[in-house]
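If you're wondering where the values come from, they're calculated on a predicted model, not measured in any experiment. Every chain is numbered from 1 and lettered A, B, ... according to where its sequence line falls, protein lines coming before strand lines.
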Amino acid sequence: MASIDIQKIDKKWQDFWSEKKNIQKKDKKQKKFYCLEMFPYPSGKIHMGHVRNYAIGDVIARYKSMNGFNVLHPMGWDSFGMPAENAARENKLSPKVWTQKNIAVMKKQLQSLGLSIDWDLEISTCDEEYYKHQQELFIDFYNKGLVVRKETYVNWDPIDETVLANEQVINGRGWRSNAIVERKKLSQWFFNISKFSNDLLEDLDTLVEWPEKVKLMQKNWIGKSTGCEIDFDILEKNKKVRIFTTRPDTIFGATFLAISADHPLCKDFENQKNFIEFRKKCSQVGTTEEAIANAEKLGFETGLKAQHPFIKKTIPVYIANFILMDYGTGAIFGCPAHDQRDFDFATKYGIEIIPVVKNKDTKTNNKMKKAYTGDGEIVNSDFLNDLTIDKAKEKIIKEIENKNIGNKKITFRLKDWGISRQRYWGCPIPMIYLKDGSVVPVDKNELPIRLPNDVNLNSKGNPLENHPNWKKTKHKKTGEDAIRETDTLDTFVDSSWYFIRFCSPKLKDKPYDESSLDYWMPVDQYIGGVEHAILHLLYSRFFMRAIGLCNSKIKIKEPFKGLFTQGMVCHETYKNEKGEWLTPEETKKIDKAKIIIGPPEAMSKSKKNVIDPESMIKIYGADAIRWFMLSDSPPERDIQWSNEGVSSAHKFIQKLWGINKRIIERKNDKVIKDEEKDFISKFNKYLFKITNLIEKFHLNVAVANFYELTHLMNDSIAKNISSECLRNTQAKIMKILMPFVPHIASECLFELEGKNFYHSNEWPAFDKSLLEEKNVTFVIQINGKKRGLLSTIKNIEEKEVVAKAKNIENIKKNLINKKIIKSIFVKNKVINFIIK
RNA sequence: GCCCUCGUGGUGAAAUGGUAGACACAAAGGACUUAAAAUCCUUGCCCGUAAGGGAGUGCCAGUUCGAGUCUGGCCGAGGGCACCA
């Protein structure tokens, strides 16, 4: 069979496309479509995850372009971040040079995939042409009160004298120094994202093109809870403690008060030895919800008593390890009967358990085995008795407000976004410290505040802080000496507005221009990994709102209209007899019996189950890799890499070429009208189906339909169809294949039509009249079981179907000596005889 | 612990409440070939030469003429639960 030189056509068409530059059209009156895939971190090489992400994105971008949209499909680099600093230390390359080298390599790799990316719009976040605008946005936010300075705890490595990210803390020790990590309070910069908590929560409902899963994760993250605050009098101290609860309806079941170890009331115990020990124990428990939920409940008895606000009784006050100071008021009332944490705590410390919600499942309330958190009637609760939980909540809150001892309160779990990083390779924060201790933004004319190139990354502490003179500056207004902020911005800031920058990436004096934003935003389809479901997307949503607050002309609130989260690329894992990980390459050199094959897992360097896209492209060509990434698994689910899979994709590409060639060489044969009509109608159905499948992101099913379509073409060459008809149809097939495998499709089309195809509005139109089925197949059931099939023309009456069905041999046989007591008829679909 | 998602052949998977397993991989058998590779065809659990029948979408119930699909309970796997990008 004819085969084709894949490398040659890959290059031919990539050269052609790069000459044509982009698929974006100049006419801004046209309908736009902004297709964006999450930009990569330039770690060195692209990996299969990128290939999958960008292959999916390219299908959408090319498809929309061919459907007449003006498509924005840009690419950039999320190029600030820690790996560059680590690499700099290891390889003695500056972070800048290391990053630039990586970008050059990865750009070339991406280009070898033949993506329809407009490289003229390329941006890089570590480029001062990018971050100077980010500094400007920061100053705008600051002026609107969206930037605040607060004290917060960080993971502090006392040997490296640096702040560690959570993932750099391994078993409580610094990942590099192995020093025991301390909690240290630092004054840091924050974005006031919590200001938008409710807005960010409620607007999730407007994001109808987002996966429910992601919206739910965001909802939980924002964590709105409605409850109330109540003051409890502390008898001995003549003080009040304000608590927060979401279950005020259970107040009559309150048997203790618990406060955080960081609560102001604890000041009185600060000098007690056993309290200091207790607090130390508390800090050893992690701060994740899981850690808190699973940790053993620990309490410190204060000896204090609090007055219950509604009953003449006092309850003990404890300091407890599961109460966090930064949520609610840092104090709660414990109702052990209806909260599992309180229950565990009460059981441990012998505190009374009073049930106040009737649980229909338990007979006696004396021996509860766990807290009851379900619905029920209120009991043991004075004026709340017999009410439902919701009604009781309403009533008690009113009562609390009447007594002036508290009020209804909505709290959010969402905290302000800490953006200070004590690191070098990030965007400098454009603030300066004056002699009088005040902090002010730098003058916008001074932007960008550039990173120095001559830093020592091997010394301890923050490289910018340690730089001999970088931080020394002058206040522009007064001329007095000032010190620069030496913290840099969290790299999540960089990626929170890059999609905005893409609308006018070359603009010199402003971060964006309103008219470009007005035209291009929001992103119509955003595609990326689900690992960014919370932070990146939430921060971006915050940025859009913050920019709107600073500039009343910007009305867009939601940056991403459509969101698609694709699954990971997995591969089998291999170990040798010693339990060491092996790369797929290494397994070829070793005796097969000695290899332990593990389950497929996400490709990762540590497990050595990585397949390098570049070498695969060299062997199989870009189209085969793209095709394989789109086949088999639904895009939102994980996909498993296999050599067989990619080689079958390669065979398919070759087959396409072979069929194309045979169609071109075919001479006009005898034509039978009906056969040709039938062929055209079949093709039309596939065209319709595939178009719909792309719209719905069912790309794997679209691929399956392309296989069927290929079989149809293969079989049709021998049929009585005119060569002209075959050629026309083949050309249409190549056009709809263009988003998937653009190189081979372009080449085949060139062979068919003798001209270069370039993205124009040429998505083939389907003929609605041909979609109408003339014939249908009835399923004949007896007592709900399939007993036969019946092909008839469409829309025939029940009577006729029954008559024909009874004539079928197998149905006849089944009806002998039986009585049909009922028959269910569904038009054009099914007839079901119920017999006795 | 809490919240969420998913369980279909040897494998990846299809399937508006109406023919379960499309499409692809792997396997077995066959065709072509001196042979191999490549390519093409057939098969797919149980009974049967076949026609056909039986079982069957994690398990147990339920709704329905009809359930992979809807409802409830159970079992199992995966994900999220605050400073990597």
Side-chain angles (χ1 to χ4, degrees), chain A residues 1 3 38-43 78-83 86 152 154-155 163-169 175 188 211-214 216-221 223 287-295 322 326 340-341 344 373 413-415 417-421 490-492 494-495 529-536 570 600 628 631-634 637-640 642-649 651-652 654-655 658 698 700-708 710-711 714 777-789 809-810 813 821-826 828-834:
Chain A
M1 196 174 83
S3 77
M38 290 178 184
F39 67 164
Y41 177 79
S43 56
D78 189 11
S79 48
F80 270 138
M82 272 194 320
N86 299 336
T152 187
V154 294
N155 301 311
V163 176
L164 299 176
N166 277 348
E167 66 159 26
Q168 292 176 315
V169 181
W175 65 307
Q188 308 219 57
E212 286 304 319
K213 180 174 78 171
V214 173
L216 190 73
M217 279 161 74
Q218 292 223 350
K219 191 182 161 200
N220 291 340
W221 189 263
T287 52
T288 66
E289 218 175 291
E290 188 197 2
I292 291 164
N294 291 332
F322 61 97
D326 49 14
Q340 191 56 43
R341 291 162 301 184
D344 296 342
T373 54
R413 219 170 64 93
L414 180 65
K415 292 186 222 158
W417 172 12
I419 48 174
S420 286
R421 296 291 182 274
D490 177 8
T491 55
F492 269 119
D494 310 337
S495 55
V530 73
E531 65 273 22
H532 293 294
I534 303 176
L535 295 185
H536 164 58
C570 299
F628 176 50
S631 319
D632 288 354
S633 289
R637 232 186 279 177
D638 288 354
I639 195 170
Q640 202 185 323
S642 72
N643 292 332
E644 292 79 14
V646 71
S647 112
S648 92
K651 280 176 200 164
F652 174 72
Q654 292 289 359
K655 194 172 169 180
H698 296 166
N700 58 322
V701 191
V703 164
N705 277 278
F706 275 121
Y707 276 113
E708 288 187 28
T710 311
H711 294 159
N714 193 43
T777 304
F778 272 91
V779 179
I780 317 298
Q781 297 178 336
I782 289 175
N783 288 344
K785 291 209 174 216
K786 183 184 85 175
R787 285 290 178 256
L789 296 174
E809 206 50 49
N810 195 37
K813 210 169 77 188
I821 48 175
K822 194 177 167 188
S823 60
I824 288 106
F825 175 77
V826 182
N828 295 329
K829 271 187 182 161
V830 71
I831 179 121
N832 187 6
F833 297 116
I834 311 302

Exercise for review: Would you indicate whether the side-chain heavy atoms of A:Thr777 and A:Val779 approach each other to under 4.5 Å?
Suggested key: no
Check your understanding: Is there a side-chain contact between A:Arg787 and A:Asn810, using heavy atoms and a 4.5 Å cut-off?
Key -> yes
Review point. Which of parallel (below 30°), tilted (30 to 60°) and perpendicular (above 60°) describes A:His532 and A:Phe492?
Key: perpendicular
Check your understanding: With syn defined as a glycosidic torsion within 90 degrees of 0 and anti otherwise, which applies to B:G21?
Key -> anti
Which part of the nucleic acid does [X] contact within heavy-atom distance under 4.0 Å: base, sugar-phosphate only, or nothing?
X        : value
A:Asn810 : sugar-phosphate
A:Trp417 : nothing
A:Gln781 : base
A:Thr491 : sugar-phosphate
A:Pro634 : sugar-phosphate
A:His536 : nothing
A:Ile534 : sugar-phosphate
A:Asn832 : base
A:Asn705 : nothing
A:Lys213 : nothing
A:Glu531 : base
A:Leu789 : base

What is the distance, rounded to the nearest whole Å, between atom [atom1] of [X] and atom [atom2] of [N]?
X        : N     : atom1 : atom2 : value
A:Glu809 : B:G53 : CD    : C1'   : 16 Å
A:Phe322 : B:C81 : CZ    : C1'   : 18 Å
A:Lys651 : B:A37 : NZ    : P     : 12 Å
A:Arg341 : B:C81 : CZ    : C1'   : 13 Å
A:Phe778 : B:C65 : CZ    : P     : 20 Å
A:Glu708 : B:A15 : CD    : C1'   : 13 Å
A:Asp632 : B:A26 : CG    : C1'   : 12 Å

Between [M] and [N], how far apart are the [atom1] atoms? Round to whole Å, please.
N     : M     : atom1 : answer
B:G30 : B:A37 : P     : 14 Å
B:U57 : B:A67 : P     : 11 Å
B:C23 : B:C81 : C1'   : 39 Å
B:A50 : B:G44 : P     : 10 Å
B:A24 : B:G76 : P     : 37 Å
B:A13 : B:A22 : C1'   : 10 Å
B:C6  : B:G52 : P     : 38 Å
B:U8  : B:C60 : P     : 16 Å

If you check every side-chain atom of [X], which of [options] has the closest atom?
X        : options             : result
A:Val830 : B:G18, B:A24, B:G12 : B:G18
A:Lys786 : B:A14, B:C3, B:A20  : B:A20
A:Leu414 : B:G18, B:C84, B:A82 : B:A82
A:Phe492 : B:C25, B:A85, B:C81 : B:A85
A:Trp221 : B:A82, B:A85, B:C65 : B:A82

Within the structure, does a side-chain N or O atom of [X] lie under 4.0 Å from either OP1 or OP2 of [N]?
X        : N     : value
A:Asn86  : B:C84 : no
A:Lys785 : B:A55 : yes
A:Asn700 : B:A24 : no
A:Ser633 : B:A13 : yes
A:His711 : B:A24 : yes
A:Arg637 : B:A14 : yes
A:Arg787 : B:U19 : no

Complementary nucleotide for [N] - Watson-Crick or wobble, under 3.5 Å:
N     : value
B:A61 : B:U71
B:U33 : none
B:C84 : none
B:C25 : B:G10
B:A77 : B:U5

**Study point:** Shortest non-hydrogen contact from A:Lys786 toward A:Leu789
**Key:** CD-CD2, 4.5 Å
Revision key, fill the gap. Smallest heavy-atom separation, A:Ile639 atom then A:Ser631 atom, equals CD1-O, 3.5 Å
Check your understanding: 5'-most contact on RNA chain B: A:Ser642 or A:Leu216, nearest heavy atom basis?
Key -> A:Leu216
